[in-house]
Number of protein chains: 4
Amino acid sequence: MSDTSEKEQPRRRQARGERRIAQLLKAASQVFCTTGYTAASTNAIAREAGVSPGTLYQFFPNKEAIAIELGDRLMHEMREAYGEALAPVAPGTPLEEAIGSAVDRFMAFNTDHPVFFALMHGPDIPGRMAEAHDQLHTTVVGRIEALLTSLMPGTAQADITRTAHVCLGIYKAGLELVLAREGAERAAYVQETKDVLIRYLEPLVGASLGRA
Amino acid sequence: MSDTSEKEQPRRRQARGERRIAQLLKAASQVFCTTGYTAASTNAIAREAGVSPGTLYQFFPNKEAIAIELGDRLMHEMREAYGEALAPVAPGTPLEEAIGSAVDRFMAFNTDHPVFFALMHGPDIPGRMAEAHDQLHTTVVGRIEALLTSLMPGTAQADITRTAHVCLGIYKAGLELVLAREGAERAAYVQETKDVLIRYLEPLVGASLGRA
Amino acid sequence: MSDTSEKEQPRRRQARGERRIAQLLKAASQVFCTTGYTAASTNAIAREAGVSPGTLYQFFPNKEAIAIELGDRLMHEMREAYGEALAPVAPGTPLEEAIGSAVDRFMAFNTDHPVFFALMHGPDIPGRMAEAHDQLHTTVVGRIEALLTSLMPGTAQADITRTAHVCLGIYKAGLELVLAREGAERAAYVQETKDVLIRYLEPLVGASLGRA
Amino acid sequence: MSDTSEKEQPRRRQARGERRIAQLLKAASQVFCTTGYTAASTNAIAREAGVSPGTLYQFFPNKEAIAIELGDRLMHEMREAYGEALAPVAPGTPLEEAIGSAVDRFMAFNTDHPVFFALMHGPDIPGRMAEAHDQLHTTVVGRIEALLTSLMPGTAQADITRTAHVCLGIYKAGLELVLAREGAERAAYVQETKDVLIRYLEPLVGASLGRA
DNA sequence: GATGAATGAGGATTCATTCAT
DNA sequence: TATGAATGAATCCTCATTCAT
């Protein structure tokens, strides 16, 4: 009735809502990882979250909205946790170091959040869901472009873009291999992924340096 | 009474069946490409083929059987058309040439048969379908291993295997990029794919040569 | 072209047709026994007979026609094989003997032709198939009535009919128990069936004799 | 905040569910009676209940679960309504009375719940549904054995069991005849059923008494 | 907000039956 | 006749989504 009630009531509700949303997204992560986006059912997500289907729809208008929100949060979290992973490196940083740390950080993040892969991946992502996918994709590519621009100054934008796409492709391929392994084999594949990227970029970086 | 009447009658019928099967597989290819395996419906495949659902089930016991048969045919076709694409190269063949021609051939095949990619791809492949997927995968990896063994004699088998997996990953990543483009951009991505592979393998090949 | 060709051609065809029909009915028997009438599929029958579905429909207009024809043939066969099993007995025949031999003969027949039971039985017999069932039923009841009339002269027709229905019910119940057993147990159940019938009929027969 | 809000809200919902279940089981009863279990379709049951197919599956995972639950409820109801119908009779009870009342009670129950018969009956019961059927059957046979043991003390177990099976067979046969009639005819068949059972058991009971 | 019942279109699959060959 | 391909309605069942409470 007073200010408090008008501010704290909603806040409490929002807090509860946030908890619910987090709970649902966590459940969705697990289900998406297990069955893939297409085969995941909203009922299964609700069940996994321990709530009723109706509750799920109180927070998300439909299935893809869950995936989109999940993607957004992942991007946020990534930005916060490893914000500078892909930021332009200081001039003079050796390529190996730049790539190595970027891959390490990304791999760590993706290993901790396997949904990321499930969402990034897959041509069977149907309908409007593709938007979320594309958006995520575009963001990541943009960040890679920024990194590459600092590594290969003077390179044409089109080439930067293409190289960025290739790098992301290599990374995703490596990630898939990594996620399917454990222990020493996993570490070996992480190293391979770095090697592929380094060897791929080395001549490009060299050329741009020579040009500069 | 003559050979014709006793042999061609059934043959004609069989021919009709074969045509239907081909037609259904073609339809399935398109649907799988468009929607992915999981989301593809047998009714949609039948509709695309212009037949009733019952007809589809006259030739295939279930959805996965279609995918399996499709995979088998693709493998056959690949073997026949580009049989030696991945066969061990003559000693002394420059790496660039070996990789270049292998990638060209594969890309050509995959561009002509985009389902291949749809079937190769995707961790959300459910049920017993995964078998088919794995089998296809194993076959391809095996062929790459053979190629690598001839390129990098004396390398430990475990390393060969890992390298083969990485190469396949790179190729698939490249393919995905290529398939999403047209014309000059597509050609550029083909070249990038080759470059990635060549630069990745060059040191390995060199090392094994030095050792030999 | 001569008489021979006009008579023997059809005859040969009829002969072939008869063989086909017999073959199909045999297959149907097995399928009906295994899965029951409702769950039996015409395709399964055709497969069991080693012919195509089309062939089956060349001889039978639909599924129930198969059952009807099967029932008819069974009745014929029964009549031929054990024609007098239920015919009125000679006056003075002890009830035990009359019942005993009738049950023995029927049981033998039904044991040899388990379809009979499958067709007689069951409230899930749907649609027009019920006709066949009813017809068969009516025939059997009629024969039992004849037997009872000779055993219980002077009894009202309504009572005879009711008693006949009860006897058939007892017999079918006994048969079900018998068919589910083997060896000594089976023999014991045959005896029980006879006992039930004899004890049920004895007072009725006695009463009618006293009356006469 | 009060008990009412926290307990009755869910209760009301549960109540709705219970009503639906009852409604669905009632509809299932009718459909099973009309078409038999095998030919009964879940859609038909849902339609009969006036709900959508999805609703049915909210409460039952599949068709057989409906039949099983139906059987369970019938058994419960039977136990509650006529709990002692088959319980051992007081020593000295005339056989006619024991049988008469047991048959009356059972017939009354089965007449009120014709599904019981539909579920008891039928060798074409497929799949895991057979379990339910067998369980029901076993329960009933057990109760008859108990009754017979009290009527025929000193009889070998194997004989008791066989006699129980025969009695159940007779009863089911009688029931089938009874259910197909109305009014006076029905009553007459009830009496016949009793007579058959009494005459069948009389000598056995007498023998065991003589022995005792 | 939360619940869970309700919906109904859609998916895989089967099957009696027909038809071209 | 025989074949087997073709049909399409009907089955069982699922799922995204809505709604009354």
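Keep in mind that what you see is a predicted model, and the values were worked out from it rather than measured. Labels below follow one simple rule: chain letters A, B, ... track the order of the sequence lines, proteins then strands, and each chain is numbered from 1.
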Can you tell if the side chain of [X] reaches within under 4.5 Å of the side chain of [Y], non-hydrogen atoms only?
{"X": "A/Pro53", "Y": "A/Leu56", "value": "no"}
{"X": "B/Phe59", "Y": "B/Glu18", "value": "no"}
{"X": "B/Val115", "Y": "B/Arg73", "value": "no"}
{"X": "B/Phe60", "Y": "B/Leu25", "value": "yes"}
{"X": "A/Leu24", "Y": "A/Ile66", "value": "no"}
{"X": "B/Tyr57", "Y": "B/Thr42", "value": "yes"}

Selected nucleotide, minimal atom distance to D/Gln58 side chain, candidates F/dA5, E/dG1, E/dA5: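 Out of F/dA5, E/dG1, E/dA5, the nucleotide with an atom closest to D/Gln58's side chain is E/dA5.
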Which of these nucleotides, E/dT7, E/dT3, F/dG4, is closest to any side-chain atom of A/Ser52?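 Among the listed nucleotides, the one closest to the side chain of A/Ser52 is E/dT3.
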Show each protein N/O and nucleotides 14-16 of chain E N/O combination with a separation under 3.5 Å, one pair to a line.
unit_1 : atom_1 : unit_2  : atom_2 : d
E/dA16 : OP1    : C/Ala40 : O      : 3.1
E/dA16 : OP1    : C/Lys63 : NZ     : 3.4
E/dA16 : OP2    : C/Thr42 : N      : 2.5
E/dA16 : OP2    : C/Thr42 : OG1    : 2.9

Each stem that DNA chain F is part of, given as range with range (3 or more consecutive Watson-Crick or G-U pairs, under 3.5 Å):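 If one scans DNA chain F for consecutive Watson-Crick or G-U pairs, the stems found are E:2-21 with F:2-21.
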Which residue lies more 5' along DNA chain F, comparing B/Leu56 with C/Val51 via nearest heavy atoms: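 Mapping each residue to its closest nucleotide by heavy atoms, the 5'-most match is C/Val51.
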Can you check the [X] [atom1] to [N] [atom2] distance for me, whole Å?
{"X": "D/Leu24", "N": "E/dA6", "atom1": "CG", "atom2": "P", "value": "8 Å"}
{"X": "A/Phe59", "N": "E/dT3", "atom1": "CZ", "atom2": "C1'", "value": "13 Å"}
{"X": "A/Gln23", "N": "E/dA2", "atom1": "CD", "atom2": "C1'", "value": "12 Å"}
{"X": "D/Glu64", "N": "F/dT11", "atom1": "CD", "atom2": "P", "value": "18 Å"}
{"X": "B/Ile66", "N": "E/dA12", "atom1": "CD1", "atom2": "C1'", "value": "10 Å"}

Within the pair A/Arg20 and E/dA2, is there a side-chain N or O less than 4.0 Å away from OP1 or OP2?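 Indeed, a polar side-chain atom of A/Arg20 lies that close.
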Spatial distance of atom CD (B/Glu69) from atom NE2 (B/His76) [nearest 0.5 Å]: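 Here the interatomic distance stands at 9.5 Å.
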How many angstroms lie between OG1 in B/Thr35 and CD1 in B/Ile45, if you round to the nearest 0.5 Å?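 B/Thr35 atom OG1 to B/Ile45 atom CD1 measures 7.5 Å (nearest 0.5 Å).
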With salt bridge (Lys or Arg N to Asp or Glu O under 4.0 Å) as the rule and sequence neighbours excluded, what pairs involving residues 20-47 of chain C come up?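 Every candidate salt bridge (Lys or Arg N to Asp or Glu O under 4.0 Å) pair involving residues 20-47 of chain C fails, so no pair, neighbours aside, qualifies.
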